[in-house]
Amino acid sequence: MNAEGSKDKRPGAEPHVVVLFGATGDLARRKLLPGLFHLSCSNMCPEMRIVGTSLDDLDTDAFRKLAHKACHEFSSRDVSDELLDQFTAKLTYVSQSASSSSEALAAAVHEQVEALGGDARLLHYLSVPPKAVMPVLEKLSEANLVQHSRVIMEKPFGLDLDSARELNDAIHSRFDEERIFRIDHFLGKEPAQNILAFRFANGLFEPIWNRNFIDHIQIDVPEKLTLEGRAQFYESVGAFRDMVVTHLFQILAFVAMEPPTELAPQAITDEKNKVFRSMRPLDPSQVVRGQYKGYRDEPGVSPDSDTETFVALKCEIDNWRWAGVPFYLRTGKGLAEGQRIISIAFNEPPKSMFPPGSGVGQQGPDHLTFDLADVAKMSLSFYGKRPGPGMKLDKLSLQFAMEETGRAGDVLEAYERLILDAMRGDRTLYTTADGVERLWEVSAPLLDDPPPVRSYDLDSWGPNAIHQLIAPRAWRLPFERVWRGKN
Ligand code: BG6
C-alpha cells in the first residue's frame with residue numbers, strides 16, 4: 001500500500017503472476033518463498049499470485065503447507081500466521097511430471113491472471129539447475145506463456161562459454177534482452193550497492209582508488225556450511241562456477257569499475273562490462289582448487305570426484321586504473337568461518353623516520369574493509385600513536401555499522417530487492433548476455449586445464465597452497481582484530 005492506503009500504481013507495478021519453476025527446491029524454500037511472502041505483505045509490491053511448479057508430485061494444498069513451513073523456518077523476520085495464511089492463499093501448484101503439464105501450467109497461470117483482473121504481467125522465475133533450463137524454456141513456449149512476460153534466470157548461467165552462448169541464443173529466440181533478468185543475488189545485497197554509494201558519492205576515496213595508491217584487493221567469501229543435501233547439484237558445478245564466475249566477479253566489477261555516467265542499467269552495465277573486457281584470462285597456475293575431506297562420502301558424490309568445494313585465485317585487470325594490482329578471490333565450503341569481505345590494502349609509506357621497535361607497518365598496510373553481511377559494516381584501519389611516552393604505534397580503526405543508522409530494519413533481502421526490481425522492469429542490478437559470456441571467456445583457460453584438487457580439513461581456511469598464492473602478502477582472514485560491538 002502507498003501512503004494513501006491504495007496499492008502501488010507506479011509504472012511496472014501492475015499485478016503479477018509469478019511462475020516459479022523449481023518451486024519445491026532448496027532456493028525456493030530458503031529464499032524465494034520467504035522473500036515473496038515479505039514482498040506480498042509490504043507496501044512496495046504490486047498485487048501478485050504465485051504458480052509453483054516442479055517435478056515433484058504435489059497438489060496445491062501440499063505446496064501451501066511446504067511454503068508455510070519454509071517461511072516459518074527461513075524467514076529472517078517475525079512471521080504472523082494470519083499474514084502467512086493470506087500469502088499461501090495466493091499460491092497454486094502444477095506438477096510437471098504429468099504428460100499434459102504444459103496445458104495444465106497454461107490453465108493455472110491464466111486462471112490466476114483472470115483472478116487479478118485479466119491483464120497481469122507474468123514473471124517466470126527459473127530456479128532450476130543449468131541442465132533443466134532448456135526444457136523449461138521449451139515448456140514456456142509450448143504453454144504459450146512468453147508474451148507479456150519477463151524471465152529471471154538463476155546462476156550459473158551456463159557451465160562454460162559454449163553452453164552460455166547456446167543458452168543466450170535459446171532465450172533470445174523467445175525473449176528480447178530487455179525482458180531477461182539474469183540474477184546474481186550478491187548484487188542485490190544492500191552492502192554491495194553501498195560500494196557504489198561509497199565510491200561515487202564521496203570525494204575522499206575515489207582519487208586514491210587506483211594502482212598508484214592501492215597495493216592489492218581481496219574478495220573473500222568463506223562459508224562454514226558444507227553441502228548439506230546440495231552435493232548432487234554441486235558435482236556438476238563446483239565452487240568456481242557456483243560462486244566465482246558469478247558472485248565474486250560481479251562484486252569485483254563494482255569495486256573496479258569507472259564511474260558510470262548515471263545510475264541507470266545501461267550506464268552501469270557498460271562500465272561493468274569494460275572491467276570484464278580488461279580482465280586477463282585466468283592463469284591456472286594462479287588458482288588453488290580444494291575439496292573438503294568427507295565430500296566424496298556425501299550422497300550423490302562420485303568416490304573419485306574432482307569437483308572443487310573451494311577455490312582461491314589471483315586475477316588481474318589490465319587497464320589504466322588497475323594494471324599491476326592483483327585481486328585475490330577466495331571462497332569455499334566447510335571453512336573455519338562464514339564471512340563476506342572486500343579488503344582494499346593501500347600502499348605502505350616509507351617508514352625510516354620511526355625508531356626501531358616502534359611497530360610501524362608491523363600489522364600490515366592500511367586497509368579499507370567492507371563486510372557484506374546482511375547488516376553491513378565498514379572499517380578503515382591505520383597506524384596511530386599509542387598513548388604515553390615515546391613513539392609506539394598501534395593499528396587502530398574507524399568503524400561504521402549499518403545498525404548505527406537505525407534503519408537496518410529497512411534492508412530488503414537480496415532476492416526481495418531483485419524480484420521487486422524485475423517486477424518494475426529495472427535491470428540495473430542484473431547481469432547481461434555480453435558480460436556473462438565474457439566471464440566464461442576469461443575462465444576458459446582454468447576450465448580447460450584445472451589444477452589438481454587438493455583436500456583440506458573441515459573448519460580450516462583451505463589447502464595450504466593458498467599462502468603461496470598470495471605471498472609475500474597475507475590473507476586478511478581470520479581477522480587479527482575483531483569488529484567492535486555496539487556500545
Ligand atoms: C549461492 C550459492 O548462490 O550463494 C551457494 O549457490 C552459496 O553455494 C550462496 O552458499 C551464498 O549466498 P549468501 O547470500 O548466503 O552469502
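It should be emphasised that the depicted structure is a prediction, and the values quoted were computed from it without experimental measurement. Numbering of ligands and ligand atoms starts at 1, following listing order.
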Chemist: Using modelled atom types only, decide if a donor and an acceptor are shared between the side chain of W440 and the backbone of F157 within a distance under 3.5 Å.
Modeler: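 Side chain of W440 to backbone of F157, a donor-acceptor pair under 3.5 Å: yes, one is there.
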Chemist: What atoms of ligand 1 come closer than 4.0 angstrom to any heavy atom of K189?
Modeler: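 Answer for ligand 1: 13 (P), 14 (O), 16 (O).
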Chemist: Quick one: does any side-chain atom of S95 pair with a main-chain N or O of S97 as donor and acceptor, under 3.5 Å?
Modeler: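 At least one qualifying donor-acceptor pair exists.
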Chemist: Could you tell me whether some N/O pair between Y415 and ligand 1 is separated by less than 3.5 angstrom?
Modeler: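 No: no nitrogen or oxygen of Y415 is under 3.5 Å from one in ligand 1.
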Chemist: Give a yes or no answer on whether the side chain of R289 reaches the backbone of P450 with a donor-acceptor pair at less than 3.5 Å.
Modeler: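 Pair absent, no side-chain N/O of R289 close to backbone of P450.
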Chemist: At what distance is the nearest protein heavy atom to atom 11 (C) of ligand 1, and which residue and atom is it?
Modeler: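 So the nearest neighbour among protein heavy atoms is E223 OE2, 3.5 Å.
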Chemist: Verify, without hydrogens or angle tests, whether K395 (side chain) and P365 (backbone) share a donor-acceptor contact under 3.5 angstrom.
Modeler: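 At least one qualifying donor-acceptor pair exists.
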Chemist: Only heavy atoms of D242, strictly under 4.0 Å: list the atoms of ligand 1 that pass.
Modeler: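 Taking each heavy atom of D242 in turn, ligand 1 has 2 (C), 5 (C), 6 (O), 8 (O) under 4.0 Å.
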Chemist: Do any N/O atoms on Y234 end up under 3.5 angstrom from N/O atoms on ligand 1?
Modeler: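 No, no N or O pair falls under 3.5 Å.
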Chemist: Which atoms of ligand 1 are found less than 4.0 Å from any heavy atom of K155?
Modeler: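 Selected atoms, number and element: 1 (C), 2 (C), 3 (O), 6 (O).
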Chemist: At what distance is the nearest protein heavy atom to atom 4 (O) of ligand 1, and which residue and atom is it?
Modeler: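 Of every protein heavy atom, H185 CE1, 3.3 Å lies nearest to atom 4 (O) of ligand 1.
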Chemist: When you look at R174 and S141, which way does the side chain to side chain donor-acceptor pair (under 3.5 Å) test go after all the steps?
Modeler: CA-CA 8 Å; R174 294 167 173 91; S141 301; 2.6 Å; yes
Chemist: At less than 4.0 angstrom from any non-hydrogen atom of H247, what atoms of ligand 1 do you find?
Modeler: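 Within the 4.0 Å cut-off of H247, ligand 1 contributes 1 (C), 3 (O), 4 (O).
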Chemist: Which of the numbered atoms in ligand 1 are below 4.0 angstrom from a heavy atom of F186?
Modeler: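 Under 4.0 Å from F186, ligand 1 has these atoms: 12 (O), 16 (O).
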Chemist: For atom 16 (O) of ligand 1, grab the closest protein heavy atom and report residue, atom and distance to one decimal in Å.
Modeler: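 Looking at atom 16 (O) of ligand 1, the protein heavy atom closest to it is R340 NE, 2.7 Å.
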Chemist: Looking at M423, is its backbone amide N or carbonyl O close enough to the side chain of R121 to form a donor-acceptor pair, meaning the two atoms are under 3.5 Å apart?
Modeler: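 Not a single qualifying donor-acceptor pair exists.
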Chemist: Ignoring hydrogens and angles, tell me if any N or O in the side chain of R241 forms a donor-acceptor pair with the backbone of D160 under 3.5 Å.
Modeler: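 It does not hold such a pair.
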Chemist: Please could you name the atoms of ligand 1 that K333 approaches to less than 4.0 Å, counting only its heavy atoms?
Modeler: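 Counting from 1, the qualifying ligand atoms are 5 (C), 7 (C), 8 (O), 10 (O).
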Chemist: Run the numbers for me: atoms of ligand 1, each under 4.0 Å from some heavy atom of M243, listed by number.
Modeler: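 Heavy-atom distances to M243 below 4.0 Å select 2 (C), 4 (O), 7 (C).
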Chemist: Using a 3.5 Å distance criterion without hydrogens, assess whether the side chain of H185 forms a donor-acceptor pair with backbone atoms of I183.
Modeler: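 Not confirmed, H185 side chain does not pair with I183 backbone.
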